[in-house]
Structure formats: structure tokens, C-alpha cells
Amino acid sequence: MVRFLSLFMATFALLLTSAHAVDRKDLGDDGFWSEWSDATFERAAKEKKFVIVSLQSWWCPWCHAMNRDTWANADVRATLKDHFIPVYVDQDSRPDVSQRYERWGWPATIIFGPDGTEIVKLRGFYSPQFLIPVLAETIKDPSPVDYGKLGGPERERTLATGLSDPQRAEILAFMDKVYDHTNGGWTKNKLVDGPTLGWFLERAKAGDKDAEARVRQTLTNMVALIDKESGGISQVTLKPDWSKPSLEFSMFAQQAALTAYSRAAIQFDDPAYRAAADRLYNFLKNTLAAPGGGFYASMGMADGTPGVDKRQYARETGQAIQGVVAYYDATGDKEALTLATTAADWALRERSLPNGGFRHTEQDKGGPYLADSVEMGAALLALHRSTGDRKWLMAAMTTGTFIASTFIDPKTGGFYASASPDAKNLPKPIKQREDNVTTVRFFALLASYTGEKRYREIAEAGMGYLTSPVILDAYAFLPDVLLAEEELQNEPVHVTVVGAKDDPRSGALYAGALKYPLAFKRVEWWDKREGKLTNPDVDYPDYPDGPAAFACTRNFCSLPVTDASAIPAQIDRLQRALK
């Protein structure tokens, strides 16, 4: 079986065929597909059959092609009939299953024994010509294929704030190696990745000219992925020169690009980046915003043209809110803030759980999932920063408490992707790297806003997991881990506006603080009529001439600032002092 599968993986490039237009009717309703459930595996054991799972995504053109050309093929169905139970899983609606097999798709095809043993994992489109021999060989020899182990062992829980010098140097060297000096971006098939763009924007803001050149080249060329009609950005380019957008408009890509272009427009004073941010914001507002609040999941316009996926998930709504408030911070567009707060109100009303945290959809078949709670937690914390309204901070704290009580692995300090196994016969829930990074960053910033030491300890234990062999031996490209390290080892930019919230001068100062182009920032609005701040770690003096802004570190503050245009210089001065 090992030799057999290696032949197929080696010839994978030959498996792709052209895909023609097909919509969701390609799945049919003829009883071919079963659901992912314990009952399906119990049936497989009773009938002595394999379970063959197809993981697909709404926006994935090759998923549509495989439904039409392969799963509907009479010879394939005849081969499956007596030995396999076909199972369809929509990966967007089941993050627990999706994240377990995300390295293999989409589409991903997984063959299980009836006891849940993984036998074969196939990546991408397989035509009948190539799938039928795999099925026949599985029937003949059901021994599991050895794909090797991804990463080293998990380390026992330890508190950490960062990598060792050799570990960091190795990551930086790899990132330098894969940079495309001709076209910008990293590697050949370039994903719109928020942490990568964020890390390089941070380095550029700190004065790294090489980082600035690279992120500006990348952002300038990445504009080619923004669709001329809809304004959405494709999540990946299929050619290194950015000339072939995938036409797959996932929400994480919209968040990543809108956040990056909004920041870059201020940081580099570049109207082209502002124009890109405007187009992305309008796509979210006009195409993916749901009429009753919240956001739709995605849009697909490649072969199959499924259009907008109008399902509403807490994860994607949280991502959209974060992108929209980044745009608001940079532009001051009040409509954007209304869109974000309306979406958050919807999520709290329609997706919140009784004991805190968030459901994925109306009625989850699995979960709850870490991704929903951490993306919404980060969104709520961003809304607190952008509005100064304490209700959002309280909601973020409630979400943080839920995450801490539900998803932490006490042995390693890492965070499970799901609170329960996705099937009882499968291994324990996995820990997905990107969500672990997001969670560490969320708790690091939450600790600064609240002064709660327990949140800081959760972040450090999570960083301990991210710096262990299970992560560092498995992945080479880790700007997200570098970003989490940067934030754990440094204070966030901290600006507090002291003044009444109904005073326009206070509002102008607050808007000036929000515009400062760093993601890791603690911006607060202290209206003394509301009582003390949640984390009163600075004793701000009274300023008799009206509202004032103070840029602070844990040791000292700037002189009072009454002109919003002077805030960046004060922050820059303190940043230099910290170094």
C-alpha cells in the first residue's frame, strides 16, 4: 500500500483535469452520501465496510469538479457499493474535522477503517481513473499508509515569552529564503496571510527598511488579487506574478487584506493602499454583510460559481468585525463602526453560549470550537479599543474565561480546536497552530487591558506550546509565532484619552490615537463619570484646560497632548525610549 500510494502522490500533477460550471446540485439527494457521525462508524463496523470521507468547501472549484466527474461516475459508485460508506463533510461547517485534515485539501479524501483508523489520505482532485485503483487496493490491503509524523513531541506545560535565539534565527532565515524578490510575497503560491503582513508591517514601523521594502512590494502587487467587480480579494494567487487569482473569497483573506491595507495607508501615507482598503470594505459591506447583522461565510466565483455562501458562522463574523474596525480606526468612517457593532450585537444575540463563548452556527453538530470563541473574543476586544465602551471589554473577558475553562490542555498549555472529539473512535481533539497563535495574542492583549495576571499566564503557557517541537519541527514558515513572541515580550502602545465622551475634543483625540498604525495597542477612553478604568495601572493627572491624551509605559507617561496630530510623535518618542 505504501508503494502504491507513493506512486499516486508522485504523479499528483497529472490528476487535475479541467472543471466546468457546476453548482451545489452536484451533490444530489439520492442517498449516496451519509453524515459524519458515530452512527456512521457503527454502521460501518456492523456491515464490515470502510468509511470514505470527502471534505469539501463551498468556494472550492475542484470540489465541484470531483462531485461531477468522480463521485457521480457509475464505475466509481459500483466499486464503492459493497465495501464503502461515502460521507460528505462541509469543512466550513465542521472546523473540528476540517482542521484535522486541512493539509490534504480541498477536496480531501480520507479512507477510514470501521474503527476510525486512518488508512489513506488523498490531496485534491482525483479522477475515476486514479481513484478506482486506490479503492481496489484498499479493499485488497487495508493496512494504513505511513505518512510520517508531523512535528516532534509535545512538551510539558511551561511558561514562555519567546523562542531561543537559534530557533528565531532559523525561522527568519527560512522567511528570507522563500521571499520572492521579483514579485513580492513569500513562496510561489501566495496566500493572503494576516500574520505575515502584520509582522512585516510591525518591523517596518520599527525602522527595518528591508522589511518595509518587502511588505510594500507585496501589498502593491497583491492589489491584483482584488476583484474588479466585487472588490473582494482572492485568498491565493495561482501564479507567482499575482496574475491568476483563485476567485475564492474566504473571510480570513478579507480580514487579513483589509487590516493590512488600512494600516499601510496610514503608515506609508499611500493613497493606493487606502483605495484598496475602500474596495475591500465595500465588498464586506455590500456583499458579505447579512441584512439582520453578522456576516456571510464566503464567496466563490471560480468554476462552479457557487456565489455567496449565506451561512453565518461566529468565526467568520468575528474575523469580519476585526477587519472592519481596523478600517474604522484608520479612516474614522462611522458607518464602518456601525456595521461592526451591529455584527457583534448579532453574534451575542444569535451565537453566544449560555456559559460564555460562541457556537459556530445555529445548532452545532460538534464543538464548541475554539475558532469561534477566539475570533469573536478578539473582535470584542477590538471593539472596546475602537469605541472606549466597557461593555465590549466585559464581553471579551467572559469569552476569555470560557476559552480558558473549555479549550486549554493542562498538560501542554496549548489550546484544543474543539471541546469534544469529532468522532469517538478518532484520536483526541487536535491543536491547530494558527488558532493557538490567535489565542495567545488575544490573551496577551486582554491581560494588558484588564491587569489580570491569569490571562498573562494563559498566554505564556500557550507560547510555551508554540515554541515546542510539535510546532517548530513541523513548520518552517512561522511569522505568526514571531508576531506572538513580539507582543508577549513588549508592552502594547498605550494611549489614554482623559475627557468626557460627549466632548468633541475628546473624540478627536481618541480618533487620533486609534489611527496610530500598530495592531498591538491599548487605547482607552477615561470619562471619569464612569468610574475607574478596568485596569487603573496609571494615575493620570487632572488637566484643567479640558480633554488630554497621555501616551504611557508602565514607568512613565508623556506630557498631556491636546492636539490629535501630536499623538504619533509622542508615541514614537516613548517607543524609542523603550528600546
Side-chain angles (χ1 to χ4, degrees), residues 194-195 197-198 201-202 251-252 254-263 266 277 280-281 284-285 289 293-295 314-348 351-352 358 371-400 403 435 437-450 455 459 483-484 487 492-497 510-511 513-525 534-535:
L197 296 170
L201 283 168
E202 297 278 342
M251 186 60 80
F252 79 82
Q254 312 314 307
Q255 174 201 356
L258 180 54
T259 300
Y261 282 117
S262 297
R263 285 181 56 192
I266 300 297
L280 290 159
Y281 166 69
L284 286 177
K285 180 183 70 171
F295 288 84
R315 175 182 61 187
E316 278 74 9
T317 290
Q319 291 169 341
I321 291 169
Q322 292 171 64
V324 169
V325 295
Y327 177 79
Y328 167 74
D329 289 352
T331 65
D333 187 324
K334 297 291 187 182
E335 183 185 45
L337 186 60
T338 299
L339 182 64
T341 55
T342 301
D345 285 332
W346 173 88
L348 288 167
R351 294 292 182 266
S352 62
F358 291 85
D372 294 294
S373 289
V374 74
E375 294 292 358
M376 277 305 307
L380 295 166
L381 193 53
L383 272 172
H384 171 62
R385 177 202 64 214
S386 296
T387 64
D389 191 333
R390 299 184 191 191
K391 75 174 184 179
W392 302 120
L393 179 58
M394 297 302 106
M397 292 173 67
T398 299
T399 303
I403 292 171
D435 284 350
V437 169
T438 302
T439 307
V440 168
R441 296 181 65 199
F442 165 66
F443 277 109
L445 190 55
L446 188 62
S448 292
Y449 269 104
T450 63
Y455 293 145
L483 193 58
E487 293 175 353
V493 166
H494 183 194
V495 181
T496 300
V497 173
Y510 203 73
L514 290 176
K515 275 191 175 184
Y516 192 79
L518 280 180
F520 191 52
K521 60 188 175 187
R522 174 184 163 193
V523 183
E524 297 175 300
W525 194 340
T534 305
N535 180 14

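Since this is a predicted model, take the numbers as computed values, not measurements.
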Step-by-step side chain to side chain contact (heavy atoms under 4.5 Å, CB included) determination, Val497 to Glu524
CA-CA 6 Å; Val497 173; Glu524 297 175 300; over 6 Å; no

Between Leu258 and Leu284, is a side chain to side chain contact (heavy atoms under 4.5 Å, CB included) present by the stated rule, with each step listed?
CA-CA 10 Å; Leu258 180 54; Leu284 286 177; 3.7 Å; yes

Step by step, work out the side chain to side chain contact (heavy atoms under 4.5 Å, CB included) result for Tyr281 and Asp333.
CA-CA 11 Å; Tyr281 166 69; Asp333 187 324; 4.3 Å; yes

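Residues Phe520 and Val493 fail the side-chain proximity criterion, which asks for heavy atoms closer than 4.5 Å. Using a 4.5 Å cut-off on side-chain heavy atoms (C-beta onward), Gln255 and Ile321 make no contact. In this structure, the side chains of Met394 and Thr534 come closer than 4.5 Å at one or more pairs of heavy atoms. Side-chain contact between Tyr327 and Leu280 is absent, with no heavy-atom pair separated by less than 4.5 Å. Two residues are said to be in side-chain contact when any heavy atoms from C-beta on lie closer than 4.5 Å; Val495 and Lys521 fail this criterion.
Checking side-chain atoms of Thr317 against main-chain N and O of Phe295 turns up a donor-acceptor pair under 3.5 Å. Looking at Thr342, its side chain never comes within 3.5 Å of a backbone N or O of Gly293 through a donor-acceptor pair. Side-chain atoms of Tyr261 never come within 3.5 Å of backbone atoms of Ala256 as a donor-acceptor pair (strictly under, hydrogens ignored). A donor-acceptor pair under 3.5 Å is absent between the side-chain atoms of Lys515 and the main chain of Ile266, judged by distance alone. Here the side chain of Asn535 pairs a donor or acceptor atom with the backbone of Ser448 at under 3.5 angstrom.
Nearest heavy-atom pair, Ser373 versus Phe358, reported as atom, atom and distance to 0.1 Å: OG-N, 3.1 Å. Counting all heavy atoms, side chain and backbone alike, Ala336 lies closest to Val324 at O-CG1, 3.1 Å. Across every non-hydrogen atom of Leu380 and Trp392, the tightest pair is O-CB, 3.4 Å. Between Ala320 and Met251, the shortest heavy-atom contact is CB-SD, 3.7 Å. Across Arg385 and Val325, no two heavy atoms sit closer than the pair NH2-CG2, 3.8 Å. A pairwise comparison of heavy atoms in Gly400 and Leu446 identifies CA-CD2, 4.4 Å as the closest pair.
Using a cutoff of 4.0 Å between basic side-chain nitrogens and carboxylate oxygens, Lys285 and Glu335 are scored as salt-bridged. For the pair Arg315 and Glu375, the salt-bridge criterion is not met [side-chain N within less than 4.0 Å of a carboxylate O]. Contact check on Glu202 versus Arg263 returns a salt bridge, with a Lys/Arg side-chain nitrogen under 4.0 Å from an Asp/Glu carboxylate oxygen.
Using the six-membered ring where Trp is involved, Tyr449 and His384 have ring planes that are perpendicular, over 60° apart on the 30 and 60° scheme.
Between Gln322 atom CD and Gln319 atom CD the span is 7.0 Å, to the nearest 0.5 Å. Taken from CZ in Phe443 to CD1 in Ile403, the straight-line distance is 5.0 Å, to the nearest 0.5 Å. One finds the CG atom of Leu445 at 4.5 Å from the CG atom of Leu381 (value rounded to the nearest 0.5 Å). Distance check: Tyr510 OH to Thr496 OG1 gives 8.5 Å after rounding to the nearest 0.5 Å. Separating the CD atom in Glu316 from the CG atom in Asp372 is a distance of 7.5 Å, to the nearest 0.5 Å. Distance check: Leu348 CG to Lys391 NZ gives 8.5 Å after rounding to the nearest 0.5 Å.
Judged by distance alone, the side chains of Ser386 and Asp329 do bring a donor and an acceptor atom under 3.5 Å apart.
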